[in-house]
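To start, the structure itself, in structure tokens.
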Amino acid sequence: SLDRWIEITEEAKALKLHPRGPVIVTYHVNPLDQFLGKDCLIEFAIQVYHPRETERFRTFGGFMAATLIHLGRYEEITAKHIKLISWINTHDYEVAGPVSEEFIISPVDVNNAEEHVTKIIIPVRKKEGN
């Protein structure tokens with residue numbers, strides 16, 4: 001939701017925090033469920049310099065991940081998710097955490113959807129025995 005996106009950015013500003021990267025949306029469901037009309041827990045986050053030690057802040061990263069860049073309309077990103085999950089499965093990896101999307105160039109940045117850039121991030125680990 002663009003409303004939540006703007007809200008989290010404004011909240012960071014109100015707390016006098018300085019963003020250091022784009023918004024990241026994490027889907028706490030099985031991969032692809034966010035596209036199937038199922039209820040899902042969605043987390044919006046913004047990276048900031050010098051986070052404070054509270055439950056509202058947590059680290060992101062430090063894990064092995066398969067990533068893919070999607071260029072263009074968000075409505076067409078499902079195919080890229082499927083392609084990335086297929087790559088994970090055919091290279092002896094398995095999904096090891098919730099899927100995230102990092103909105104590098106977003107609707108907040110440019111109006112032309114063909115210019116949007118979204119990074120898909122899927123935490124992975126090698127399958128047992130491989």
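All heavy atoms count here, side chains included; hydrogens, waters and symmetry mates do not. Counting begins at 1 with the first residue of the sequence.
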Full working for side-chain contact (heavy atoms from CB on, under 4.5 Å) between Ile24 and Ile46: CA-CA 6 Å; Ile24 297 174; Ile46 189 167; over 6 Å; no

Please assess His18 against Gln47 for the test side-chain contact (heavy atoms from CB on, under 4.5 Å), listing each intermediate value before the final yes or no. CA-CA 8 Å; His18 303 285; Gln47 301 172 63; over 6 Å; no

Evaluate Ile42 against Val25 for side-chain contact (heavy atoms from CB on, under 4.5 Å), listing each step before the verdict. CA-CA 7 Å; Ile42 302 172; Val25 177; 3.4 Å; yes

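Taking Glu115 as the reference, nothing meets the salt bridge (charged side-chain N to carboxylate O under 4.0 Å, His left out) condition, with sequence neighbours excluded. Take Glu7 and apply the side chain to side chain contact (heavy atoms under 4.5 Å, CB included) test, not counting sequence neighbours, and it matches Arg4. For Leu36, the side chain to side chain contact (heavy atoms under 4.5 Å, CB included) partners are Asp33, Lys38, not counting sequence neighbours. For Tyr27, there are no ring-ring contact (aromatic ring centres under 6.0 Å, His included) partners, not counting sequence neighbours. Under the salt bridge (charged side-chain N to carboxylate O under 4.0 Å, His left out) criterion, Glu10 pairs with Lys13, not counting sequence neighbours. Residues that satisfy the side-chain hydrogen bond (donor to acceptor under 3.5 Å, both in side chains) test with Thr118, not counting sequence neighbours, are absent from this structure. By the side chain to side chain contact (heavy atoms under 4.5 Å, CB included) test, Glu75 is found to be paired with Arg73, residues two or more places apart in sequence or in another chain being considered. Evaluation of the side chain to side chain contact (heavy atoms under 4.5 Å, CB included) rule for Asp39 yields no partner, not counting sequence neighbours.
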Do any side-chain atoms of residues 80-89 form donor-acceptor pairs under 3.5 angstrom with protein atoms, and if so which ones, sequence neighbours left out?
{"residue": "His81", "atom": "NE2", "partner": "Glu101", "partner atom": "OE2", "Å": "2.6"}
{"residue": "Trp87", "atom": "NE1", "partner": "His91", "partner atom": "ND1", "Å": "3.3"}
{"residue": "Asn89", "atom": "ND2", "partner": "Ile85", "partner atom": "O", "Å": "3.3"}

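Residues His70 and Lys119 fail the side-chain proximity criterion, which asks for heavy atoms closer than 4.5 Å. Phe63 has its side chain out of reach of Val124: every pair of non-hydrogen atoms, C-beta onward, lies at least 4.5 Å apart. Counting only heavy atoms from C-beta outward, the side chains of Leu17 and Tyr49 never approach each other to under 4.5 Å.
Around atom CG of Asn111, no more than 12 heavy atoms belonging to other residues, nucleotides or ligands sit under 6.0 Å away.
For residues 17-32, no pair satisfies salt bridge (charged side-chain N to carboxylate O under 4.0 Å, His left out), with sequence neighbours left out. Screening residues 62-71 for salt bridge (charged side-chain N to carboxylate O under 4.0 Å, His left out), with sequence neighbours left out, gives no hits.
Put simply, OG on Ser106 and OH on Tyr74 are 12.5 Å apart, with the number rounded to the nearest 0.5 Å. Within the model, atoms CZ of Phe44 and CD1 of Ile6 stand 11.0 Å from one another, a figure rounded to the nearest 0.5 Å.
Between Ala96 and Arg125, the shortest heavy-atom contact is CB-NH1, 3.4 Å.
In this structure, Ile69 belongs to a hydrophobic cluster whose other members, linked by side-chain heavy atoms under 4.5 Å apart, are Leu71, Ile104, Ile105, Val110, Val117.
Both tests do not hold together for Lys127 against Tyr93: distance to the six-membered ring centre under 6.0 Å, angle to the ring axis within 45°.
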